[in-house]
Protein chains: 2
Amino acid sequence: MLKYQQIAAEIEQYINDQDLKQGDKLPVLEQLMSQYGVSKSTVTKALELLERRGVIFQLRGSGIFVRRHNRPGYMSLFSTQGFKNNLGDRVLTSDVLDVSITKPSEDVARNLGIDVADDVYRVERIRYVDGEVFCYEESYYVKAIVPYLNREIVADSIFDYVQSALGVTIGFSDMYMQVGRLNETEAGYLGLKMDDPTLRIETIFHLTNGKPFDYSRITYHYEHSQFVVQANGPYM
Amino acid sequence: MLKYQQIAAEIEQYINDQDLKQGDKLPVLEQLMSQYGVSKSTVTKALELLERRGVIFQLRGSGIFVRRHNRPGYMSLFSTQGFKNNLGDRVLTSDVLDVSITKPSEDVARNLGIDVADDVYRVERIRYVDGEVFCYEESYYVKAIVPYLNREIVADSIFDYVQSALGVTIGFSDMYMQVGRLNETEAGYLGLKMDDPTLRIETIFHLTNGKPFDYSRITYHYEHSQFVVQANGPYM
DNA sequence: TACTATAATTGTACCGGTACAATTAATCAA
DNA sequence: TTGATTAATTGTACCGGTACAATTATAGTA
């Protein structure tokens, strides 16, 4: 783990341990430097990271302050998208409906930047948060990058497996969201009625080298999906 | 304008001018340094900015590559949230329903971190993109921070006014989103039917000093609202 | 040809420094 | 006490540097 990541983690831990609230002040930069025994730029980098994650904000001439105070019941939109599956103390489980190797449709192939002749894993599951239906997910993995999957892996976190077992690292993702109505199949999966409202999110996950490796379509249960997004400034 | 912002803008311009596509390579760091006549860390900072905005991605040992290739018809979730109102070539207009000074409700006061006795501006409008109903918005501004508003200002961009005329700068925002059904009033405004699906986003905008100054509730027309969110890595 | 080891390329981590702008605290005048 | 001026605090911009890790190109070997 890199120094600045380590320091960021420790500062976040410190905030939790001291139970600091919105607006509370952290030690000044210079103290953090000597405290962790690193240079200014390393501390700055750790703080930038925490700032982007919505944990703190910095005000020059004044200090470093705690920002986070998320509403209970709202999940970070990013935490539900493969990134860090810490949904706090919530339990995430899955019903795996399908894990199979197929050929992608035109649409899927385009989103993954591959040919329709290339193999993909198709994964279909229903996901639960604390036992309640959360979403229905259909996703496709490029087999050339993810050569093997099974029901066990898929029931757990696919991303953890991909990163640890395959040694590839996820770089960035593009999410496309829209609101609509459930069709009959989806309604059945989610325990809702046809034409009920829903949030649909398509996400294309890329490796650090820019290659797409996962395209997923998620249909959310509208009553159990509340998301928070923390944005940073006009120049984010 | 700061050097690294300027350079970021120029690089983005270069990508557009050269019509570079997803995966195309940019000049290497060292060349950018000499080209713009700045140090490495300044170029790096410009590139970080572009990376966060989803314009490029960097791959060490390899180079700097173009990332953006957003789907047509999808607006950046952040661009619709006060931040940089460049919706491409789309025209944004508003029907102002109300601009008045009132006392906040308990709920509004809590979200703005003020007392129910403090004054707020209440702004109510319907917004259109290219003439089509886009959303219904109800927002509250802390009068102590935004001492004056009128229909003209509100019909245009409130954020531009606040930043230029009042000299305050927006720091960060928290967005809370959920899906639901329209009530009768909302349906009327949006030209839809009661119980139609909708996306609701509450946003609390803070100044750079962390003080909330605007709390807004937006109800989106589900057929005209498609959003894209670009996320960066597991450690964004 | 195909595979492996080596070298060149290229971005990232980290250091340490100077100058400066925004905020806050201290000082002074009315 | 109030208000303005000055000084101290504190984060940010920017410089320039070394070391290093990941990628890609090259050379070497079977």
Side-chain angles (χ1 to χ4, degrees), chain A residues 1-9 11 23-52 55-67 163 166-172 206-211 232-233 235, chain B residues 1-9 11 23-52 55-67 163 166-172 206-211 232-233 235:
Chain A
M1 198 179 213
L2 298 168
K3 272 191 189 176
Y4 77 91
Q5 290 178 342
Q6 179 64 35
I7 291 168
I11 293 174
D24 284 351
K25 192 174 175 179
L26 269 65
V28 300
L29 228 174
E30 202 142 352
Q31 198 193 316
L32 294 172
M33 284 171 60
S34 61
Q35 187 170 328
Y36 295 108
V38 294
S39 81
K40 178 163 45 176
S41 52
T42 303
V43 175
T44 303
K45 228 166 172 252
L47 294 172
E48 262 172 30
L49 214 150
L50 292 173
E51 197 165 35
R52 266 187 291 162
V55 177
I56 60 161
F57 65 93
Q58 301 184 72
L59 188 52
R60 97 154 141 224
S62 185
I64 304 155
F65 304 91
V66 175
R67 169 175 173 191
Q163 302 221 53
L166 303 179
V168 301
T169 45
I170 290 121
F172 53 88
H206 304 253
L207 302 180
T208 44
N209 66 11
K211 290 205 185 79
N232 289 289
Y235 263 97
Chain B
M1 197 179 212
L2 298 169
K3 272 192 190 176
Y4 77 92
Q5 289 177 343
Q6 179 63 35
I7 291 169
I11 293 174
D24 284 350
K25 192 173 176 180
L26 269 65
V28 300
L29 228 174
E30 202 140 350
Q31 198 192 316
L32 294 172
M33 285 170 61
S34 61
Q35 187 169 327
Y36 295 108
V38 294
S39 79
K40 178 162 45 177
S41 51
T42 304
V43 176
T44 302
K45 220 157 181 262
L47 295 172
E48 262 171 30
L49 214 148
L50 292 173
E51 197 164 36
R52 265 187 290 162
V55 177
I56 59 160
F57 67 92
Q58 302 184 72
L59 188 51
R60 96 151 141 224
S62 185
I64 305 155
F65 303 90
V66 175
R67 169 175 173 192
Q163 301 220 52
L166 303 178
V168 301
T169 44
I170 291 122
F172 53 88
H206 305 253
L207 302 180
T208 43
N209 66 10
K211 288 205 186 79
N232 288 290
Y235 263 96

When the distance from [atom1] of [X] to [atom2] of [N] is rounded to whole Å, what number comes out?
X	N	atom1	atom2	result
A:Q58	C:dT23	CD	C1'	14 Å
A:L207	D:dT23	CG	C1'	14 Å
A:F57	D:dT12	CZ	C1'	16 Å
B:I7	D:dA13	CD1	P	13 Å
A:L2	D:dA21	CG	P	11 Å
A:L50	D:dG11	CG	C1'	15 Å
A:K3	C:dT12	NZ	C1'	14 Å
B:I11	C:dG11	CD1	P	11 Å

task: Kindly state which residues belonging to residues 35-45 of chain B come within less than 4.0 angstrom of DNA chain D, counting heavy atoms of the residue only, listed by number.
output: B:V38, B:S39, B:K40, B:S41, B:T42, B:K45

task: Applying ring-ring contact (aromatic ring centres under 6.0 Å, His included), name anything that partners A:F57, two or more places apart in sequence or on another chain.
output: A:F65, B:F172

- request: Calculate, to the nearest 0.5 Å, the distance between atoms CD1 and CD1 belonging to A:I56 and A:I64 respectively.
  value: 6.0 Å

Side-chain polar contacts of residues 23-34 of chain A - donor-acceptor pairs under 3.5 angstrom, sequence neighbours left out - could you list them?
from, atom 1, to, atom 2, distance (Å)
A:D24, OD2, A:K21, N, 2.7
A:K25, NZ, A:S62, O, 3.0
A:Q31, NE2, A:Q35, OE1, 3.4
A:S34, OG, A:Q31, O, 3.1

List the atom of [X], the atom of [Y], and the distance in Å for their closest heavy-atom pair.
X	Y	answer
B:I11	B:Y36	CG1-OH, 3.8 Å
B:R52	B:N232	O-ND2, 3.4 Å
B:A46	B:I7	CB-CG2, 3.9 Å

query: For B:N209 and B:L26, take the nucleotide of DNA chain C holding the closest heavy atom to each; which residue's nucleotide lies nearer the 5' end?
result: B:L26

statement: Contacts of B:F65 and A:E48 projected onto DNA chain D by closest heavy atom; the upstream (5') one is A:E48

message: For A:E48, give me all partners under side chain to side chain donor-acceptor pair (under 3.5 Å), at least two apart in sequence or on another chain.
response: none

message: Is A:Y4 close enough to C:dA13 that one of its side-chain N or O atoms is under 4.0 Å from OP1 or OP2 there?
response: yes

field: Sidechain-backbone polar pair: A:Q58 side chain, A:E51 backbone, donor-acceptor under 3.5 Å
entry: no

statement: Hits for side-chain contact (heavy atoms from CB on, under 4.5 Å) against B:T169, two or more places apart or cross-chain, chain-then-number order -> B:Q163, B:T208

Quick test: give all pairs of protein nitrogen or oxygen and nucleotides 3-10 of chain C nitrogen or oxygen below 3.5 Å, distance rounded to 0.1 Å.
from, atom 1, to, atom 2, distance (Å)
C:dT10, O2, B:G61, N, 3.1

